[in-house]
Amino acid sequence: MGAAGLAGAPQDHGPTAAAGCGMRMLALLCIASLCLGAARAVPVKEERRKTEELKDGLELYDPGNYDLTLDNYGEIIDLSNYEELYDYGDFAPKVEVGTLAPRPKNPVALPTVGAAAEPMKPQPPSPAASIPAQEKLKRIDLSSNFISWADADAFHHLSSLQELLLPENRLTALPELPRSIIRLDARLNRIPSAGLRHEAFRDLKQLQFLHLSDNQLDYIPAPLPQSLRSLHLQNNNIQTMHEDTFCDSQDHSQIRRALEDIRLDGNPINLSLFPNAYFCLPRLPTGRFS
């Protein structure tokens, strides 16, 4: 048979060829289905593994037994290896006990402990330094203490003293006063008339305010200086007085304009019994007139 006869012969397309093609298609579908099933099985297995791990963790954690107290603190939170996990040794400063500070560059500049101090160079005294500091005092306030006595000449040498305040103490006697005194306040003490020097205020030519209220005086301390402006003797035990206590009975022309404030209230004295004792005063004393 020739080549042309072979080329022109019809091919066999019968049922056998169709069946073989269908088998190949079915095999391909089976392989594809297996691949898809395997791909789906991997996430499901992973999810199932995670779920089982979570259940195991929940079984280990029992909220009913997880009670944090001082007794089980070390069991629940283990700090035994805390220093191993966090080592701050490299950051801690290293201090050597017993080390000394470095010596200064100029050791002479610092004083030596126990050494005698270098004597100061004498300075020429100023004119004010020649006067003792006590003599410059103008005001002394010793109010509201528990002073029960004072030396007789405790204030006498203070030539510049103008105000002496001694109220609310326990004095039973009044010391000698300097002639420069202007105001004396010795209220609320325990001074009797025997605690005053004889004619204690006669030579105090600058005295203007004499306050001796709330003491134990039996009489008005006379004579009083002409400079006096205010005399407070209330709440004592004064029962009588001399007619010459304030005014000179021999000089009816006398006028004491400065003495405007006299308080004798709170004393048992009846001021109406001494009508001639006030003629030189600008106003009558405060006290009982009946």
Atom pair OG (Ser249) and CD (Glu243), whose distance is rounded to the nearest 0.5 Å:
7.0 Å

To the nearest 0.5 Å, tell me how far Phe246 CZ sits from Met241 CE.
5.5 Å

Would you indicate whether His156, at its atom NE2, is surrounded by more than 12 heavy atoms from other residues, nucleotides or ligands within a distance under 6.0 Å?
no

Closest heavy-atom pair, Pro223 versus Glu199, reported as atoms and distance to 0.1 Å, is CD-CG, 3.7 Å

Separation of Ser193 OG from Ile238 CD1 (nearest 0.5 Å)
7.0 Å

Has the side chain of Thr286 got a donor or acceptor atom that lies under 3.5 Å from a matching backbone atom of Leu264?
no

Please round to the nearest 0.5 Å and tell me the distance separating atom CD1 of Ile269 and atom CG of Asp218.
11.5 Å

Pairs where residues 258-274 contributes a residue and the test side chain to side chain donor-acceptor pair (under 3.5 Å) is met, not counting sequence neighbours:
Ser230-Asp261, His232-Asp261, Arg263-Asp265, Asn270-Ser272

Heavy atoms, side chains only, cut-off 4.5 Å: are Leu204 and Leu177 in contact?
yes

Neighbour count above 12 (heavy atom, 6.0 Å) for Arg197 CZ:
yes

By side-chain contact (heavy atoms from CB on, under 4.5 Å), which residues pair with Pro167, not counting sequence neighbours?
Ser143, Leu165, Asp185, Arg187

Residue pair Thr172 / Trp149, side-chain heavy-atom distance below 4.5 Å:
no

Compute whether any side-chain donor of one residue and acceptor of the other, for Gln208 and Arg229, lie under 3.5 angstrom apart.
yes

Got a sec, which residues hit side-chain contact (heavy atoms from CB on, under 4.5 Å) with Cys247, two or more places apart in sequence or on another chain?
Gln254, Phe279, Cys280, Leu281

Do Tyr219 and Leu273 land in one hydrophobic cluster if side-chain heavy atoms of ILVMFWY residues count as linked below 4.5 Å?
no

Using 0.5 Å steps for rounding, measure from the NZ atom of Lys138 to the CD1 atom of Ile182.
9.5 Å

Sorted by first residue and then second, give each salt bridge (Lys or Arg N to Asp or Glu O under 4.0 Å) pair with at least one member in residues 156-173; sequence neighbours left out.
Arg139-Glu163, Glu163-Arg183

Can you find a pair of side-chain heavy atoms, one from Ile147 and one from Leu142, that are under 4.5 Å apart?
yes

Under the 3.5 angstrom rule, does the side chain of Arg256 hit a backbone N or O of Ala258 as a donor-acceptor pair?
no

Mark yes or no for whether Asn235, through its side chain, and Asp214, through its backbone, hold a donor-acceptor pair below 3.5 Å.
no

Asp248 backbone acceptor or donor facing Asp251 side chain under 3.5 Å
no

For Ile191 and Leu174, which heavy atoms make the closest approach, and how far apart are they?
CD1-CD1, 4.2 Å

Is there a donor-acceptor pair closer than 3.5 Å between any side-chain N or O of Asn236 and the backbone N or O of Asn215?
yes

By side-chain contact (heavy atoms from CB on, under 4.5 Å), Leu210 pairs with (sequence neighbours left out) Leu184, Phe201, Leu207, Leu212, Leu224, Leu228, Leu231

Between Ser180 and Leu161, is there a donor-acceptor pair closer than 3.5 Å when you use the side chain of the first and the backbone of the second?
yes

Are Leu196 and Leu233 connected in the hydrophobic side-chain network, where two residues link if heavy atoms are under 4.5 Å apart?
yes

Asp141 vs Leu166, side-chain contact (heavy atoms from CB on, under 4.5 Å): CA-CA, chis, key distance, verdict:
CA-CA 7 Å; Asp141 189 351; Leu166 301 170; over 6 Å; no

For Leu284, which residues count as a side-chain contact (heavy atoms from CB on, under 4.5 Å) partner, sequence neighbours excluded?
Tyr278, Phe289

Counting only N and O atoms by type, is there a donor-acceptor contact under 3.5 Å from the side chain of Asn169 to the main-chain atoms of Leu171?
no

Begin from the C-alpha positions of Thr240 and Phe274 and carry the test side-chain contact (heavy atoms from CB on, under 4.5 Å) through to its verdict.
CA-CA 9 Å; Thr240 186; Phe274 312 94; 3.4 Å; yes

